[in-house]
Amino acid sequence: MGGVGDEEPALKRMKFLSKGLVALSNGSSSKEPVGGSSSGFMARALSSEVDGQVIGSRGVIKREEFVRIIANALYSLGYRKSGEHLEEESGIPLHTSAVNLFMQQILDGDWDESVASLHKIGLEDESIVKSASFLILEQKFFELLDGEKVMEALKTLRTEIAPLCTNSSRVHQLTSCIVSPSPRQDTVRVGSRSKLLEELQKLLPPTIMIPEKRLEHLVEQALILQREACPFHNSSDKDMSLYSDHHCGKDQIPSRTLQILEAHDDEVWFVQFSHNGKYLASASKDRSAIIWEVDVNGGLSAKHQLSGHQRPVSSVSWSPDDKELLTCGVEEAIRRWDVSTGKCLQIYGKTGVGLVSCAWFPTGKYILSGLSDKSICMWELDGKEVESWKGQKTLKISDLEITGDGEIISICKDNAVLLLNRETKDERFIDEYQTITSFSLSKNNKFLLVSLLNQEIHLWNIEGDPKLVGKYKGHRRTRFVVRSCFGGFKQGFIASGSEDSQVYIWHRNSGELIEALPGHSGAVNCVSWNPTNPHMLASASDDRTIRIWGLNCMKVKHQNAHSNGIHYCNGGT
């Protein structure tokens with residue numbers, strides 16, 4: 001078997017609000033205080049336990065800010081009387097009297113008075129004063145237009161808005177509303193007075209007007225930090241609770257073999273789930289590919305065996321709508337298949353060169369392929385060549401991807417990945433210090449997982465200038481192409497095959513190795529995580545099998561233990 005550094009490798013190598021303003025406008029609540037006497041209890045707790053300037057065991061929470069944020073949350077939730085009671089009992093107002101007057105002036109449409117009040121509420125940054133004045137006067141302008149007071153609106157634009165010398169493009173838009181008043185441009189109009197207050201709230205410093213739903217934001221932030229710090233979190237966020245600190249166990253990680261798929265007659269080199277998670281495609285040295293269907297209970301059964309390649313099948317690629325599948329033979333041809341019927345729809349090839357990789361264009365109207373002459377070619381579905389990129393664009397052993405915005409990704413040198421913008425022809429590169437064997441693109445197209453010859457996997461952020469943001473170690477790779485993938489809930493994990501017959505799983509953010517799954521009896525060449533089921537993982541091996549991994553607590557219900565080349569496991573590995 002050929003190694004990664006060989007000149008001509010053997011076939012095996014291919015595996016390579018301020019809602020306080022609601023109280024000023026239209027807020028209302030029941031006549032009785034919410035929770036009965038609970039507000040009195042809260043007031044007693046505050047007075048007896050929080051006499052100092054800070055609260056909390058670590059002394060980092062300012063008492064006044066804490067109370068104001070709680071009052072803000074009460075108003076946001078519609079508990080107006082409770083908010084007022086908290087302000088009264090604590091002696092800490094949500095807003096100063098000057099800010100309350102300012103907000104009331106906005107709601108009442110007292111535009112000149114509200115602009116004057118901006119200088120009385122504690123604003124020190126003159127640019128903020130100008131921006132806030134612009135928003136207020138803009139509202140005045142539109143209300144005058146709505147009242148058909150065109151000359152007054154024009155006067156406001158000329159004598160009040162324009163002299164602010166800010167947001168000139170917006171001034172031009174406002175001018176157009178007078179020049180061409182019918183029909184008025186909805187794209188430049190603003191909303192209600194309460195909407196204006198929300199915009200001002202975003203603009204003004206939080207010490208003056210507390211940001212909308214600030215308490216909710218802080219609580220969400222705390223939950224997200226706990227989730228990201230949890231090495232085993234692999235389920236929906238709706239399962240998280242405020243009542244206790246969040247922590248998951250390993251039982252959330254697919255670590256038990258639920259099925260062994262045994263329909264291939266030789267080494268299985270590649271597996272990939274469809275985007276909708278309903279199918280799994282596998283490619284094998286036996287010159288065939290198989291489409292497996294996932295049933296409602298999570299069990300897989302063979303749907304179609306795709307035959308016709310004259311050489312081993314090295315990879316597959318699902319169409320964006322999952323209705324078609326590409327299969328790529330080793331330096332041979334690409335075949336396009338109908339998933340529902342298993343029929344071959346088209347064969348793509350070029351005289352004198354072999355095809356080494358395949359990918360779909362995001363629209364599903366074109367396909368891409370790397371060629372053995374190191375070029376990349378794009379075809380229409382009917383086989384007509386549309387475009388090609390000559391030169392050192394790909395290698396004989398190379399993965400191929402294209403992002404949603406049309407950037408083609410390929411291994412162009414032993415230690416470099418090319419990111420080629422199809423429209424602008426701009427090229428970016430990821431340079432590694434070791435030979436690259438494979439890569440995988442994240443679902444959001446922002447990250448690239450690069451597997452290296454030295455038994456490391458690198459995570460790159462490819463937005464803008466590529467940045468190395470993570471490393472994963474522990475698996476074994478000395479001779480063959482071993483592929484890795486993103487997976488789990490919000491792609492929070494990294495999985496990889498390994499030459500020691502195990503599947504390795506790391507926590508993506510921390511890089512911590514959390515599982516090494518035994519079971520295969522040969523090198524694990526490729527892994528694929530079901531994109532719609534974070535608890536389902538597939539692995540392909542030289543032992544000619546595909547293993548489906550699930551949670552320890554899961555049970556797949558089937559009548560027969562063996563059927564159609566499938567072995568259903570009832571426990572262990």
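On a predicted model such as this, the values are computed, not experimentally measured, just so you know.
- The backbone N or O of Lys446 sits nowhere less than 3.5 Å from a side-chain atom of Glu463 that would complete a donor-acceptor pair.
- Remark: Phe489 pairs with His233 by the ring pair (Phe, Tyr, Trp, His ring centres under 6.0 Å) rule, at least two apart or across chains.
- Taking both residues in full, the closest heavy atoms of Asp431 and Ala416 are given as OD1-CB, 3.7 Å, listed atom of the first, atom of the second, then distance.
- Counting only residues at least two apart or in different chains, salt bridge (Lys or Arg N to Asp or Glu O under 4.0 Å) contacts with residues 465-476 comprise Glu456-Lys473.
- Gln502 and His520 share no side-chain donor-acceptor pair at under 3.5 Å.
- Thr437 places a side-chain N or O within 3.5 Å of a backbone atom of Ser451 that can act as its donor or acceptor partner.
- Distance CD/Gln173 to OG/Ser176: 6.5 Å, rounded to 0.5 Å.
- With hydrogens and angles disregarded, a donor-acceptor distance shorter than 3.5 Å links the side chain of Ser319 to the backbone of Glu324.
- Judged by distance alone, the side chain of Asn461 and the main-chain N or O of Val469 form no donor-acceptor pair under 3.5 Å.
- The shortest distance between side-chain heavy atoms of Ser388 and Ile376 does not fall below 4.5 Å.
- Remark: Ile121 CD1 to Leu204 CG distance equals 5.0 Å, nearest 0.5 Å.
- Looking at Val313 and Ser284, their side chains never come closer than 4.5 Å, going by heavy atoms from C-beta outward.
- Remark: side-chain polar atoms of Asn530 are not paired, donor with acceptor, to backbone N or O of Leu537 under 3.5 angstrom.
- Thr435 places none of its side-chain heavy atoms less than 4.5 Å from the side chain of Leu452.
- Using a 3.5 Å distance cut-off with no hydrogens or angles, the side chains of Trp389 and Ser375 do not pair a donor with an acceptor.
- Ion pairing of Lys425 with Glu387 is present here, as a side-chain N (NZ or NE/NH1/NH2) and a carboxylate O approach within less than 4.0 Å.
- One side chain, His507 or Ser510, offers a donor N or O that lies under 3.5 Å from an acceptor on the other.
- In summary, the side chains of Ser369 and Trp379 do not present any donor paired with an acceptor at a separation below 3.5 Å, with no hydrogens or angles considered.
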side-chain contact (heavy atoms from CB on, under 4.5 Å) assessment of Arg508 paired with Trp506: CA-CA 6 Å; Arg508 175 173 165 177; Trp506 296 265; over 6 Å; no
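- Side-chain atoms of Trp360 and Glu401 form no donor-acceptor pair, as typed in the model, at a separation below 3.5 Å.
- No side-chain heavy atom of Phe439 sits less than 4.5 Å from a side-chain heavy atom of Leu400.
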If you apply the rule side-chain contact (heavy atoms from CB on, under 4.5 Å), what do you find for Arg422 with Phe361, and how did you get there? CA-CA 11 Å; Arg422 176 175 173 253; Phe361 203 74; 3.7 Å; yes
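- By the 4.0 Å N-to-carboxylate-O rule, Lys202 lies close enough to Glu199 to be salt-bridged with it.
- Looking only at atom types and distance, the side chain of Gln346 has no donor-acceptor partner in the side chain of Tyr348 under 3.5 Å away.
- Ring-plane geometry between His309 and Trp337 is classed as tilted, the angle between the planes lying from 30 to 60 degrees on a 0 to 90 degree scale.
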